[in-house]
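To keep things clear, I will list the structure first and then write my remarks on it.
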Amino acid sequence: MTRMKSIGAAFAAILLSSVAAHAGDVRIMWYSDGGEGAVIKDLLARFSKANPDVNVILDEVSYDVVKEQLPVQLEAGKGPDIARVTNLKAQAQHWLDLRPLLADAKYWDDNFGAQADWMRPDGSNAITGFMTQLTLTGGFVNKTLFEQAGVEIPGPKATWDDWAAAAKKVADSQKVFAMAIDRSGHRVSGPNISYGANYIAADGKPAPIDQGSKEFLSRFVKWNEEGIVNKDVWVSAAGTTYRAAAEDFINGGLAYYYSGSWQLSGFAQKIGDSFDWVMAGSPCGTVACTGMQGGAGLVAVKYTKNPKDVAKVMDYLAGADVQKEFAERSLFIPAHKGVAAGQMDFKTDNPHVKAALKAFVESAAQTAAPAMKLPGWKWSDAYYSAIVARISQVIAGEMKLDDAYARIDEDIKAKVGAN
């Protein structure tokens with residue numbers, strides 16, 4: 001009998017205590033940023049109907065479960081059969097090489113090859129999964145608030161300082177927060193690189209935090225202290241816990257929000273016609289105006305008891321028709337080369353979303369070279385985690401900024417030394 005089951009994030013701890021699938025099961029750990037969970041359930045239901053011998057179980061969990069609890073399971077040689085994750089390279093030793101199990105490995109190389117190295121061990125030609133979407137960070141503007149305040153929206157070459165000044169004028173006029181950036185080391189890395197940061201040393205290991213990073217991070221801390229940035233986003237969680245500011249923007253409480261393209265589905269559903277908004281690219285630093293490319297990968301876990309069934313599910317989900325429908329309904333930029341090259345019919349009548357999708361595609365061309373290297377770099381997550389943990393402590397008043405820089409370097413060295 002075929003079944004498909006979804007569980008809420010509230011039951012994540014119970015799930016992860018016994019997450020390994022039994023013979024005949026293919027268990028998928030899935031998190032969602034917007035409405036993509038409903039889409040994947042739909043697509044998997046069709047697979048289950050056509051393949052009654054494969055028992056697919058979809059476990060929907062929060063992103064924090066994937067980020068913080070899944071790695072513990074993987075280190076113990078356990079986990080789901082398939083997982084949707086963003087920390088791809090650093091955990092690549094846990095992914096299953098699907099190449100000998102797939103119906104047509106060349107199809108995967110042709111259509112997913114550009115990002116394949118993001119999710120496999122260095123020097124390997126393994127096929128471990130595919131990107132469910134390509135993402136790009138960028139800024140969202142509450143156009144209605146800017147208009148009501150009589151403040152002109154900064155132009156395409158505006159700097160972070162320009163945006164902070166303009167957003168503060170709006171905030172003072174409209175009694176909202178000027179800016180917010182997701183509580184994420186990844187999210188501040190584009191701005192860091194725009195000021196000249198480079199995380200990767202000549203030997204491929206992490207470089208000490210440099211002046212480029214300090215140029216932006218010092219600004220960011222100052223803006224939090226001055227109330228320009230919504231301080232609660234970074235101090236309301238501990239350690240490396242992710243905290244988005246999407247709801248603050250959706251509720252009309254932010255003039256400017258720096259996040260990324262994965263928010264579009266949620267904005268389409270929740271903002272509606274409450275206010276006008278636009279995507280405004282990435283502000284400029286002293287050397288670039290770059291965002292960060294990336295995305296979430298759907299990967300096979302090598303501890304599965306059912307590798308052939310896992311490959312069958314992955315082959316289905318990687319199919320061009322399925323990929324096209326998933327991207328169009330989820331409002332995602334497709335990672336499938338063939339689909340991306342064709343005509344896309346995004347399932348939205350929202351003009352703000354359509355314009356934002358176009359703007360994100362155009363902004364991708366401005367991605368700086370150091371930012372392009374990070375998705376496939378083994379130590380990216382170690383760098384991101386150290387930044388978010390220590391800068392949060394500075395914003396909370398628990399640590400001086402210079403001490404935080406030293407601790408960031410120490411945290412990263414410890415992570416490198418442990419591997």
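Along the sequence shown, the residues carry numbers beginning at 1.
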> For E75, what residues pass the salt bridge (Lys or Arg N to Asp or Glu O under 4.0 Å) criterion, not counting sequence neighbours?
Replying inline: none

Tell me, please, which residues at least two apart from [X] pass ring pair (Phe, Tyr, Trp, His ring centres under 6.0 Å).
X: Y63; answer: Y31, Y242
X: W108; answer: F112, F130
X: Y405; answer: none

> Say you draw a straight line from CG of L44 to NZ of K49; how long is it, rounded to the nearest 0.5 Å?
Replying inline: 15.0 Å

>> Test: salt bridge (Lys or Arg N to Asp or Glu O under 4.0 Å). Region: residues 123-136. Which pairs qualify, not counting sequence neighbours?
In response: none

>> For residues 231-258, which residue pairs pass the salt bridge (Lys or Arg N to Asp or Glu O under 4.0 Å) check, not counting sequence neighbours?
In response: D232-R243, R243-D248, E247-K270

> Can you list every side-chain hydrogen bond (donor to acceptor under 3.5 Å, both in side chains) pair that touches residues 272-291, not counting sequence neighbours?
Replying inline: Y258-S282, D276-H352

Side chain to side chain contact (heavy atoms under 4.5 Å, CB included) involving [X] - partner list, sequence neighbours excluded:
X: A268; result: L331, V353
X: P121; result: A92, S124
X: A103; result: D315
X: T135; result: Q133, S261, W262

> Does D411 have any side chain to side chain donor-acceptor pair (under 3.5 Å) partners at least two apart in sequence or in another chain, and if so, which?
Replying inline: R390

> Do E36 and T132 get their side chains close enough for a donor-acceptor pair, meaning under 3.5 Å?
Replying inline: no

> Taking NZ, NE, NH1 and NH2 as the nitrogens, is one of them in E226 or R219 under 4.0 Å from a carboxylate oxygen of the other?
Replying inline: no

> Ring centres of F249 and F267 under 6.0 Å apart?
Replying inline: yes

> How far apart are the closest heavy atoms of D409 and P208, and which atoms are they?
Replying inline: OD1-CA, 3.5 Å

